[in-house]
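Convention: sequence-line order gives letters A, B, ...; per-chain numbering from 1.
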Amino acid sequence: MKVIPYSKEAYDLFHEGMIALAKVEQAGMRINVEYVDRTFKRISRRMQRIEQKMKNSDVGKAWDKQYGFKTNYNSPDQLATILFDVMGYESQGETDSGRHKTDKNALVKLDCPFIDLLIELRKLDKAKGTYLTGIKRETVDGFLHPFFNLHIAKTFRSSSDKINFQNIPVRDPAIKEIVRKAFIPREGRQLVELDFSSLEVSISQAYHQDPTMFKYLTDPKSDMHRDMAMECFLLPEEEITPKIRYCGKNMFIFPQFYGDWYMNNAKHLWDAIDDMNLKTASGKSLQAHLKEKGIKSRGACIPGEDALPRTFERHIQEVEQDFWNERFPIYKQWKEDWYKKYRERGWLKMKTGFICQGYFKRNEAINYPVQGAAFHCLLWSLNQMVLREIETRGLTATIVGQIHDSIVADVDCDHLDAFLITIKEIMEVKLRETWDWINVPLSVDAEVAPPGKSWYEKKEIEF
DNA sequence: TACTTCGGCGCC
DNA sequence: AAAGGGCGCCGAAGTA
């Protein structure tokens with residue numbers, strides 16, 4: 001059977017999207033070139049000082065003895081040889097090709113002072129090698145013009161390259177500052193970022209129609225991440241802190257939605273208790289709290305082996321069971337039905353009219369329609385702004401980028417309020433008028449940097 | 001010199 | 001029964 005990969009509506013969305021994104025690319029983002037040059041040199045000096053310290057440590061001396069002038073702290077092979085063969089540290093697992101793992105997660109478990117320096121060095125190297133170098137290379141006359149592609153991702157999402165505008169550091173405060181200070185607004189303007197809150201979860205609702213999820217997405221008093229944090233750590237609502245909620249969200253709920261399983265959840269949540277120094281709202285350590293609840297150890301977490309009673313692993317396994325069988329059974333049923341239908345037909349169709357055909361694993365077939373359609377909500381909104389509303393309303397504003405569920409703009413300070421009202425109306429109201437299959441409210445958060453200030457200075461605002 | 005694969009890491 | 005979805009870029013190391 002021949003499958004045409006899109007409907008007319010989907011074709012139109014991408015046709016307009018190509019034009020709108022080309023305009024975004026052409027406009028570009030203003031760069032503080034002097035800052036980038038200055039910071040590049042400063043980071044280089046900092047890296048040299050760190051390397052000097054590394055040289056003087058015991059690991060550094062062993063490294064020099066083994067490799068001499070060939071010493072390269074950036075080589076995973078050399079690092080593994082020194083740590084696990086020469087120094088005798090315990091290997092923390094293997095890569096796909098059977099080498100010792102030397103990523104951050106494996107290294108922090110070794111308890112070795114050299115490692116802290118190495119991790120700091122890697123971070124600075126990332127900032128310098130990938131971001132500052134990339135910005136310098138691609139900036140022309142003070143403007144950076146990243147590409148936004150619509151022909152790459154299997155899910156009909158976008159991608160971005162030269163430079164990748166969609167992976168600028170934001171979580172690590174130090175790297176965030178180094179890189180994002182390079183991005184500045186045009187004269188008399190300020191930078192604005194608008195993102196759909198929990199867009200993929202909201203779009204998943206249109207597929208599975210789970211009533212419990214519907215309540216979470218429509219009742220402002222309900223809070224799915226808080227609830228699952230309570231389950232994972234056996235805590236009452238009043239003991240949930242922002243950090244604990246963060247863990248429920250990013251180490252249980254989101255991984256579960258992407259198809260992960262309890263064993264990984266248990267490992268990550270258990271590590272977080274120590275790494276993030278988790279305490280209940282009334283100040284008790286979670287370690288002690290779980291012990292009181294009868295959970296004294298993590299559990300072996302070995303695939304194929306049953307989780308032992310009274311381990312954290314067993315507990316999270318039960319939380320997972322409850323999550324899908326009791327809390328979201330309709331969602332679970334949809335996943336099974338959807339995958340079965342894909343297996344029968346060999347293709348799947350998104351709410352936005354795009355068709356994915358080919359061999360997909362279970363998790364892929366389930367995730368693609370949500371990921372793609374969610375991005376299409378953003379692209380539709382961007383098209384309205386770039387191709388229609390900005391000009392129609394006479395706004396002095398330029399869309400300069402897009403990050404899957406958010407839009408970045410460079411807006412005249414005097415037009416900020418009008419811009420925000422316009423784009424909020426499009427993203428929250430007009431989008432749903434156009435696509436009535438979206439059956440839950442969509443809400444937009446705004447972050448704004450002060451006039452003339454860099455992208456690093458963006459702060460969430462009420463509007 | 002040019003290319004590929006791998007490990008690692010940045011984002012949603 | 002299976003067991004984390006989607007991207008791009010860097011340097012290291014090996015191959016052509």
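Counting to the nearest Å, the P atom of dA1(C) and the NZ atom of Lys340(A) are 17 Å from each other. Here dA2(C) presents its P atom at 11 Å from CZ of Arg362(A), a figure rounded to the nearest Å. In this structure, CD of Glu138(A) is placed 11 Å from C1' of dC9(C), rounded to the nearest angstrom. Across the protein-nucleic acid pair, Met263(A) atom CE and dA3(C) atom C1' stand 9 Å apart, rounded to whole Å. Whole-Å rounding puts the Arg171(A) CZ to dC12(B) P distance at 5 Å. In this entry the distance linking NZ of Lys162(A) with C1' of dG8(C) reads 10 Å, nearest Å. Residue Phe40(A) contributes atom CZ, which lies 13 Å from atom C1' of dC10(C) at whole-angstrom precision. For Phe257(A) and dC12(B), the CZ to P distance is 18 Å, given to the nearest whole Å.
Residues from residues 139-158 of chain A lying near DNA chain C, meaning a heavy-atom separation below 4.0 Å, are Ile152(A), Ala153(A), Lys154(A), Thr155(A), Arg157(A) in numerical order. Within residues 71-97 of chain A, the residues having any heavy atom under 4.0 Å from DNA chain B are, by residue number, Thr95(A), Ser97(A). Taken residue by residue, residues 102-131 of chain A places heavy atoms nearer than 4.0 Å to DNA chain C at Lys126(A), Gly129(A), Thr130(A). Contacts between residues 304-337 of chain A and DNA chain B, counted as heavy-atom distances below 4.0 Å, involve no residue at all.
Sequence neighbours left out, the pairs with a member in residues 102-118 of chain A that pass salt bridge (charged side-chain N to carboxylate O under 4.0 Å, His left out) are Lys101(A)-Asp103(A), Lys109(A)-Asp271(A).
In this structure, the side chain of Ser381(A) engages the main chain of Cys377(A) through a donor-acceptor pair within 3.5 Å. Lys243(A) places a side-chain N or O within donor-acceptor distance of the main-chain N or O of Met276(A), the cut-off being under 3.5 Å.
Outside the 6.0 Å centre-distance limit, the rings of Tyr6(A) and Phe14(A) are not counted as a close aromatic pair. Between Phe257(A) and Tyr331(A), a ring centre-to-centre spacing shorter than 6.0 Å is recorded.
If you check distances only, the side chain of Gln371(A) does reach the base of dG5(C) with a donor-acceptor pair under 3.5 Å. At a cut-off of 3.5 angstrom, counting only N and O atoms as typed in the model, there is a donor on one side and an acceptor on the other between the side-chain of Asn167(A) and the base of dG10(B).
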Item to check | Step-by-step side-chain hydrogen bond (donor to acceptor under 3.5 Å, both in side chains) determination, Glu200(A) to Asn367(A) | outcome: CA-CA 10 Å; Glu200(A) 284 196 16; Asn367(A) 285 321; over 6 Å; no
Checklist entry - When you look at Gln209(A) and Trp334(A), which way does the side-chain hydrogen bond (donor to acceptor under 3.5 Å, both in side chains) test go after all the steps? => result CA-CA 8 Å; Gln209(A) 308 276 8; Trp334(A) 172 80; over 6 Å; no
Item to check | Full working for salt bridge (Lys or Arg N to Asp or Glu O under 4.0 Å) between Lys340(A) and Glu344(A) | outcome: CA-CA 6 Å; Lys340(A) 185 162 173 282; Glu344(A) 286 162 6; 3.2 Å; yes
Checklist entry - Asn439(A) and Gln205(A): side-chain hydrogen bond (donor to acceptor under 3.5 Å, both in side chains), yes or no, with the steps? => result CA-CA 7 Å; Asn439(A) 53 2; Gln205(A) 182 67 35; 5.2 Å; no
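In Lys351(A), the NZ atom is crowded: over 12 heavy atoms of neighbouring residues, nucleotides or ligands sit closer than 6.0 Å. The number of heavy-atom neighbours closer than 6.0 Å to OH of Tyr67(A), taken from other residues, nucleotides and ligands shown, is above 12.
Close to dC6(B), at under 4.0 Å from its OP1 or OP2, lies no side-chain N or O of Arg99(A). Contact annotation: Tyr368(A) side-chain N/O to dG6(C) OP1/OP2 distance is under 4.0 Å. For dC10(C), one of the phosphate oxygens OP1 or OP2 lies less than 4.0 angstrom from a side-chain nitrogen or oxygen of Arg137(A).
Contacts of Val179(A) with the nucleic acid, taken as non-hydrogen atoms under 4.0 Å apart, are absent. Within 4.0 Å of Lys101(A), counting heavy atoms only, lie sugar-phosphate atoms of the nucleic acid but no base atom. Residue Pro255(A) is out of contact with every strand shown, counting any heavy-atom pair closer than 4.0 Å. As judged by a 4.0 angstrom heavy-atom cut-off over every strand, Ser406(A) is placed among residues making no nucleic acid contact.
A donor-acceptor contact under 3.5 angstrom links the side chains of Ser158(A) and Gln166(A), judged on distance only.
Taking a cutoff of 4.0 Å between a charged side-chain nitrogen and a carboxylate oxygen, Asp172(A) and Lys123(A) qualify as a salt bridge.
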I'd like a table of donor-acceptor pairs (distance under 3.5 Å, sequence neighbours excluded) in which one partner is a side-chain atom from residues 42-55 of chain A, with atom names and distances.
| from | atom 1 | to | atom 2 | distance (Å) |
| --- | --- | --- | --- | --- |
| Ser44(A) | OG | Phe40(A) | O | 2.7 |
| Ser44(A) | OG | Lys128(A) | NZ | 3.2 |
| Arg46(A) | NH2 | Glu120(A) | OE2 | 3.2 |

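Thr311(A) approaches Arg298(A) most closely through the heavy-atom pair CB-O, 3.7 Å.
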